[in-house]
Every structure is written in C-alpha cells, then in structure tokens.
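Working notes, structure below.
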Amino acid sequence: MSFSVDLINWYQKNKRELPWRNTKNPYYIWLSEIILQQTRVEQGKSYYLKFEKEFPTVRALANADEQKVLNMWQGLGYYSRARNLKKAADQVITEFNGVFPTDYKNLLKLKGVGKYTAAAVASFSKNERVPVVDGNVYRVISRYLNIDEPINTPKSYKIFSEAALELMENSRPDEFNQAIMEFGALHCTPTNPKCDKCPLSDQCTALVLNRVKDLPVKKKKTKVRERFFNFIITNNASGLAIEKRDQKGIWQNLYQFPMIETKNHKHQFSELKKLIETDDRFQNHKVSKVTQIGSDRKHLLSHQRIWARFYEVEFESETVYHESIVRTKSLESYPIPRLIERFVEEEAPHYLK
DNA sequence: AAGCCGGGGCC
DNA sequence: GGCCCAGGCTT
C-alpha cells in the first residue's frame, strides 16, 4: 500500500480525542495552533479550554487588553505568542472585516502565523492542499525516506515540505496532515519509536538500514548564557514594589520585583546595598536592612541559565520610587514569569491573593 | 544563517 | 544534564 493510505488507516484507529479536532472554525483552529507551538498537547490543553471559554470569538479576543491575555497565558512560556495572539485578533477585525482568513496566503499576514500555522489552519478548516511541516513531520519523513539533511535550517524546509506534498498524494489534506503529526507524536517518537509494530515498517528506509535512532539530524545550537538576577522585595504601607519588564529580552511586558543584574553572585550585602542606593529606581534612599529570602534558585530557559536571588530590603526614609515602579497589594492581576511565581508560592504566598 | 524567546516532561 | 515539544520573529 501507499504511505498515505497506511498512515491514515493508522490514524483512524489510534487518534486522540482533542478539543480542537472536531471543529472547522478557523479561529478555534488558529487558537489551538498558537498554543501548541513548541508545546506538548498535554501542557496546552487546559490553556486552550480556558481561552476558548473566555474568548469565544475573535472579536472577544480583540476586545481584551494585552495584559489580560498575558495573564491568562502565564506559565505557558514564549510570551511573544500571547502578544501576537492579541495583535492578530486586532488584524482580523481591522484588515479582514472581522472574518477570520482561511487561505494560506492571507493567514501568513497574521502576526505570529508562520508557514506551519498557516498550513495547519488552511488545511484543517478548508482542506487547502498545503503540507504542515512541524517537528513531527520532520522526524517521520526523515526516517521514512532516510534524509540526512539537518532539519533546523531554512534550506531543509523546502526539502521536507516538497516530500510531504508528494507523500500526501491524493488523500484529504486535513486528514493527512493531522495523521502524520499524530503518528509522530504517538508512534514515531523521538526516543523509543514503536518500530516493532509499525504499519510502515516494511517501507521505512531508516528502519531497513537500522538508522532510525540517528534521525532526524539536527545542527547543534549555541550554548547557554549564564545570568545572575537579584530581586529586590520592598513591601510597606504603600504596597509591594514591582516593575514591568521593558522592551527587549526575555519576559517582555511581564512583571517582576525590581531586579538588578550582576556579573556573578560573589557580592556581599554591603556591595548590593550600594547598588540599590545608587539605582535611579530607588531615588537614593538609604538601605537600612537587607535579608536574603530562601536560597539561590536556578531557572533554565532554552538558552539562558538564570541564577536568582531574592532580597527583602528596608529603607531608612519614606519610599517614593521612580515612576517605573508600580505599587500593589497583590500580584494576582499581573502576569509574572514562572520563576517569580514559584518563589512567591514557596516564600510569600499571600502576595498572590 | 544565526540568535532569541519558556516551561515542562522524559530519559 | 541533554533533548524535545502542533515555531516564529529579528538581525
């Protein structure tokens, strides 16, 4: 039999029931695809249900403000997805008269929608004949056809999308695309693929050549940066001091305790005291007391290793701070990175209420 | 083409 | 500790 027929037969028997699988509504499909970018289905599911309920239409999403969207996204990571989600909803209202686009070319105009997501929405909603090429597809095809080309380069996209289109043959694009991704997620997995009971075993080139575990090939990525963050917790009658992270870098538009980054964590309290007193955000107020709360925490990102230290700081004089500092009683309505959330949960849970 | 952008689960 | 996940944007 052919690849597509065997694949789709496998899919009919083994597919999962997922909340976004029984709709042709491009808005819901798009919402699920953004949430699932670089995210496992099990991790994204609850977020999808939450967003679908809070924003049942693209117009409801467009009417929300960014902070609300970020707050709901909190904990899922890659926050540019949430910022672009909101921007794309605005685009649908202003550039597409409130009608969610369903064709590949127009979908690509939406913020946060690249080739993968455009192909997914166009094929799932309207059966447009465009192949999806995600991590699963790279893996399945590189093994099936024994392709040594690294999958994480611009050049490889062309190779794999053309291969996928050929393998699709005359099958239904929505079904084929769903099937190949589900097959990669459940059967042709990165480690321990189920080759012994694979419906494609007699046609899989890598299996015949015993090269399954060598594929797909990936170019090595850069090593991680080490960073040292010192968070200043100052809490008094006027509230808890927090700041919004400015334009560039990680966690954009999320909130945190005022933070001072240092080259390492070798400094003493006296040196940190000086850093705080000469920092514009604290208006030259003199520090009367510094206490470290808890121990150093390690937080890993895809390409940064963050060592975080939290200090409780008291000032001698009345604490009027720089305008960039927000005072609040509770962090509840502010989007915060997981690093901060974890610290608060363990050391000061009352800040979350 | 390379770097940047999270967080969680698995081995 | 390293790898991967229903990727996309910026430089």
Side-chain angles (χ1 to χ4, degrees), chain A residues 11 15-16 18-21 28-48 70 73-85 87-88 107-124 131-140 150-157 160-161 164 174 176-186 188-193 213 215-225 227 245 247-254 298-306 335-342:
Chain A
Y11 177 65
K15 67 176 176 183
R16 294 169 286 187
L18 299 174
W20 48 84
R21 254 202 189 134
Y28 289 131
I29 295 169
W30 163 76
L31 182 59
S32 71
E33 292 302 337
I34 302 297
I35 288 172
L36 293 173
Q37 285 170 6
Q38 295 291 288
T39 304
R40 287 169 202 280
V41 165
E42 287 311 313
Q43 190 187 357
K45 218 186 232 172
S46 65
Y47 285 85
Y48 173 80
L70 278 171
W73 198 270
Q74 182 175 310
L76 196 54
Y78 281 148
Y79 297 94
S80 66
R81 291 185 293 170
R83 295 188 295 272
N84 287 334
L85 193 75
K87 288 180 193 162
L107 283 160
L108 279 177
K109 296 177 183 168
L110 298 178
K111 294 283 184 201
V113 174
K115 292 195 283 278
Y116 163 75
T117 305
V121 177
S123 64
F124 298 163
V132 293
V133 184
D134 73 334
N136 293 305
V137 175
Y138 277 119
R139 187 169 56 256
V140 171
I151 62 170
N152 54 344
T153 66
K155 178 182 168 190
S156 62
Y157 183 83
F160 283 88
S161 61
D174 59 347
F176 178 87
N177 283 341
Q178 294 269 13
I180 192 168
M181 288 195 287
E182 191 78 336
F183 184 69
L186 299 182
C188 193
T189 46
T191 55
N192 304 326
K213 66 179 190 318
L215 295 171
V217 174
K218 237 178 159 174
K219 277 186 75 174
K220 289 285 184 191
K221 51 186 174 191
T222 54
K223 56 177 276 221
V224 299
R225 249 171 90 198
R227 302 183 72 177
R245 286 187 64 88
Q247 220 50 18
K248 298 199 128 190
I250 59 174
W251 302 328
Q252 186 187 339
N253 293 2
L254 273 65
K298 182 168 69 168
H299 189 74
L300 300 174
L301 306 184
S302 52
H303 63 302
Q304 294 185 21
R305 182 181 302 139
I306 294 167
I336 54 178
R338 276 294 274 148
L339 167 65
I340 305 293
E341 187 183 18
R342 266 200 202 103

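A, B, ... follow the sequence lines: proteins, then strands. Residue 1 opens every chain.
Annotation: B:dC5 and C:dC4 have their C1' atoms spaced 16 Å apart (nearest Å). To the nearest whole angstrom, the two C1' atoms, one in B:dG6 and one in C:dC5, are 12 Å apart. With both ends at atom P, the span from B:dC10 to C:dA6 equals 13 Å, rounded to whole Å.
Of all the heavy atoms in A:Arg83 and A:Leu70, the pair that sits closest is CG-CD2, 4.2 Å. In plain terms, the two heavy atoms of A:Lys111 and A:Ala88 that are nearest each other are O-CB, 3.6 Å. Scanning all heavy atoms of the two residues, the minimum distance from A:Gly75 to A:Gln43 falls at O-NE2, 4.3 Å. Heavy-atom minimum distance, A:Ser123 versus A:Asp174: O-CB, 3.3 Å. Residues A:Cys188 and A:Val140 share a closest heavy-atom pair of CB-CG2, 3.9 Å.
In this structure, a donor-acceptor pair under 3.5 Å is absent between the side chains of A:Tyr116 and A:Gln37.
In this structure, A:Leu18 reaches the bases: a heavy-atom distance under 4.0 Å links it to at least one base atom across the strands shown. A:Ile35 comes within 4.0 angstrom of nothing in the nucleic acid, heavy atoms only. Residue-level contact check: A:Val113 touches the backbone only, with heavy atoms under 4.0 Å from sugar-phosphate atoms and none from bases. Contact annotation for A:Gly75: backbone-only contact, meaning every heavy-atom pair under 4.0 Å involves sugar-phosphate atoms and none involves a base. Using a 4.0 Å heavy-atom criterion, one finds that A:Thr153 contacts no nucleic acid atom at all. Counting non-hydrogen atoms under 4.0 angstrom, A:Arg40 reaches a base of the nucleic acid. Contacts of A:Trp30 with the nucleic acid, taken as non-hydrogen atoms under 4.0 Å apart, are absent. If you check every strand for non-hydrogen atoms under 4.0 Å, A:Arg21 touches a base. Nucleic acid contact for A:Ser80: none, since no nucleic acid atom lies under 4.0 Å from a heavy atom of the residue.
Taking atom NZ of residue A:Lys115 and atom C1' of nucleotide C:dG8, one finds them 10 Å apart after rounding to whole Å. What separates CG of A:Leu215 from P of C:dC4 is a distance of 12 Å, to the nearest Å. To the nearest angstrom, P of C:dC9 lies 9 Å from CG of A:Leu108. One interatomic measurement links the two molecules: OH of A:Tyr78 to P of C:dT10, which rounds to 15 Å at whole-angstrom precision. Between A:Gln43 atom CD and B:dG8 atom P there is a gap of 6 Å when expressed in whole angstrom units. Note: CG (A:Leu107) to C1' (C:dG8) measures 15 Å, nearest angstrom. Atom CG in A:Asn152 sits roughly 13 Å away from atom C1' in B:dG3 (whole-Å rounding). Atom CD of A:Gln38 and atom C1' of B:dG3 are 15 Å apart (whole Å).
No side-chain heavy atom of A:Trp30 sits under 4.5 Å from any side-chain heavy atom of A:Trp20.
Out of C:dA6, B:dG8, B:dG6, the shortest distance to the side chain of A:Asn136 is found at C:dA6. You'll find that the side chain of A:Arg338 is closest to B:dG8, out of C:dC5, B:dC5, B:dG8. Side-chain proximity of A:Gln37 to B:dG6, C:dG7, C:dA6: nearest is C:dG7. When each of C:dA6, C:dC5, C:dG7 is scored by its nearest atom to the side-chain atoms of A:Leu36, the top-ranked nucleotide is C:dA6. In the set B:dG7, C:dA6, B:dG6, C:dA6 carries the atom at the smallest distance from any side-chain atom of A:Gln178. Comparing C:dG8, B:dG6, C:dG1 by their nearest atom to the side chain of A:Lys298 picks out C:dG1. For A:Lys155, the side-chain atoms get nearest to B:dA1 when compared with the rest of C:dA6, C:dC4, B:dA1.
Nearest-nucleotide mapping onto DNA chain C: of A:Asp134 and A:Leu110, the residue sitting toward the 5' end is A:Asp134. Taking the nucleotide of DNA chain B with the nearest heavy atom to each of A:Thr39 and A:Asn192, the more 5' of the two is matched to A:Thr39. Both A:Gly184 and A:Asn84 lie near DNA chain C, and the one whose nearest nucleotide falls closer to the 5' end is A:Gly184.
Contact between the side-chain N/O atoms of A:Tyr79 and the OP1/OP2 oxygens of B:dG7 is found at a separation under 4.0 Å. In terms of phosphate contacts, A:His299 brings no side-chain nitrogen or oxygen within less than 4.0 Å of OP1 or OP2 of B:dG6. Residue A:Thr191 has no polar side-chain atom (N or O) positioned under 4.0 Å from OP1 or OP2 of C:dC4. Here A:Arg81 does not reach the OP1 or OP2 of C:dC9: none of its side-chain N or O atoms lies under 4.0 Å away. Note on A:Trp251: a side-chain N or O is less than 4.0 Å away from OP1 or OP2 of B:dG7. For A:Arg139, no side-chain nitrogen or oxygen approaches OP1 or OP2 of C:dC3 to under 4.0 Å.
In terms of modelled atom types and a separation under 3.5 Å, the side chain of A:Glu182 and the main chain of A:Arg16 share a donor-acceptor contact.
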